[in-house]
Amino acid sequence: MVSAALRNPECKIQKLWLSYVGLTDSGAEDLVSALSTNRSLTKLDLSGNELGDSGVKLVFAALRNPECKIQRMGLNNVGLTDSGAEDLASALSTNPSLTELDLNDNILGDSGVKLVSVALRNQECKIQKLWLNNVGLTDSGAEDLVSALSTKPSLTVLDLTSNSLTDRSVPALRRLILTHPSLNLIELFGNRFSETGEKKLEPLRGVRPGRTVLL
């Protein structure tokens, strides 16, 4: 029903929240087909649905469509794994409209985040806000991610909470916080920094007016 409405040329909806509505990969096919024809939708939240890699793959295919104007995509807890991250990376690399992406609570792991990091380096990617809370990120994946984000001047918000980062990631995080021109908020609590590591990050809270570091 929603999909049919989105296909209607008279539909001017811009924001659509379909979080926790029981949507599965089979239902996603109709929705994605509608997204391919809709030119007004700019914000879509599909969080909390059992899409899995197969369903999310369909969503990413729609995002790759040059006519897709979605700017904010919510995919929190949708069953995305590193297997689906390749499609995600492809969408990020080709969609300049997408500026806000919520991937919280998906099992991407370092391998999935590394694919995302490669996409972030693409000049077509204009990401501004990226949520990677509880995605299985460790120091290994963080190194690639921070390096990629250092080349992304559009970034303003980064959420890395509830991952497995240790003191090994602290030097790279410090460089990012100190040198990035537009990063206003970085969230790091719920990781595995030692007291020493936190002390090295603590002074960065007020290093620049308007910049917030949450530990």
Side-chain angles (χ1 to χ4, degrees), residues 19-20 45 47-48 56 71-85 88-89 92 98-122 125-215:
S19 53
Y20 296 91
D45 192 342
S47 298
V56 177
Q71 298 169 11
R72 188 192 194 285
M73 174 64 74
L75 293 170
N76 182 331
N77 189 26
V78 294
L80 176 64
T81 72
D82 56 348
S83 298
L88 164 61
L92 274 174
L98 189 64
T99 57
E100 301 181 26
L101 181 60
D102 181 352
L103 297 173
N104 290 348
D105 300 313
N106 287 294
I107 312 172
L108 291 173
D110 289 330
S111 55
V113 174
K114 285 180 180 181
L115 288 170
V116 172
S117 300
V118 172
L120 290 170
R121 294 181 186 277
N122 192 301
C125 176
K126 306 298 183 186
I127 203 75
Q128 296 176 10
K129 300 180 180 180
L130 181 61
W131 289 270
L132 291 169
N133 177 332
N134 189 31
V135 296
L137 180 65
T138 74
D139 297 324
S140 176
E143 188 174 343
D144 292 305
L145 177 65
V146 170
S147 175
L149 291 174
S150 297
T151 68
K152 191 58 54 184
S154 58
L155 185 73
T156 61
V157 173
L158 177 63
D159 184 356
L160 298 178
T161 57
S162 301
N163 284 294
S164 299
L165 305 183
T166 72
D167 292 358
R168 181 180 150 195
S169 293
V170 168
L173 290 169
R174 279 180 56 86
R175 284 195 301 273
L176 180 68
I177 295 167
L178 286 168
T179 63
H180 198 282
S182 56
L183 183 62
N184 294 325
L185 172 64
I186 181 168
E187 300 182 70
L188 297 170
F189 55 86
N191 280 286
R192 299 180 181 178
F193 303 121
S194 70
E195 185 176 346
T196 301
E198 288 199 2
K199 282 183 177 178
K200 290 180 179 179
L201 291 168
E202 184 74 30
L204 303 182
R205 288 175 184 261
V207 71
R208 189 177 301 175
R211 179 158 299 179
T212 303
V213 180
L214 298 181
L215 293 169

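Small disclaimer: the values here were computed from a predicted structure and weren't measured.
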Interatomic distance, Leu160 atom CG to Leu145 atom CG [nearest 0.5 angstrom]: 6.0 Å
Partner residues of Asp167 under the side-chain hydrogen bond (donor to acceptor under 3.5 Å, both in side chains) criterion, sequence neighbours left out: Ser194
Crowding at CD, Glu143 (>12 non-hydrogen neighbours, <6.0 Å): no
Check: Ser147 and Arg121 side chains under 4.5 Å, non-hydrogen atoms: yes
More than 12 heavy atoms from other groups under 6.0 Å of CG on Leu185: yes
side-chain contact (heavy atoms from CB on, under 4.5 Å) between Lys129 and Thr156, worked out: CA-CA 6 Å; Lys129 300 180 180 180; Thr156 61; 3.8 Å; yes
Test log, rule side-chain contact (heavy atoms from CB on, under 4.5 Å), inputs Leu165 and Asp139: CA-CA 5 Å; Leu165 305 183; Asp139 297 324; 4.1 Å; yes
Asn104: which of Asn134, Asp159, Thr161 passes side-chain contact (heavy atoms from CB on, under 4.5 Å): Asp159
Arg174 and Leu201: CA distance, side-chain angles, deciding distance, side-chain contact (heavy atoms from CB on, under 4.5 Å) verdict: CA-CA 7 Å; Arg174 279 180 56 86; Leu201 291 168; 4.0 Å; yes
Reference residue Leu158; test side-chain contact (heavy atoms from CB on, under 4.5 Å); the match among Leu149, Val146, Ile127: Leu149
Candidate pair Leu88 and Val56, rule side-chain contact (heavy atoms from CB on, under 4.5 Å), full reasoning: CA-CA 8 Å; Leu88 164 61; Val56 177; over 6 Å; no
With sequence neighbours excluded, residues passing side-chain hydrogen bond (donor to acceptor under 3.5 Å, both in side chains) with Glu202: Arg205
Validation row: Ser47, Asn77 side chains within 4.5 angstrom (heavy atoms): no
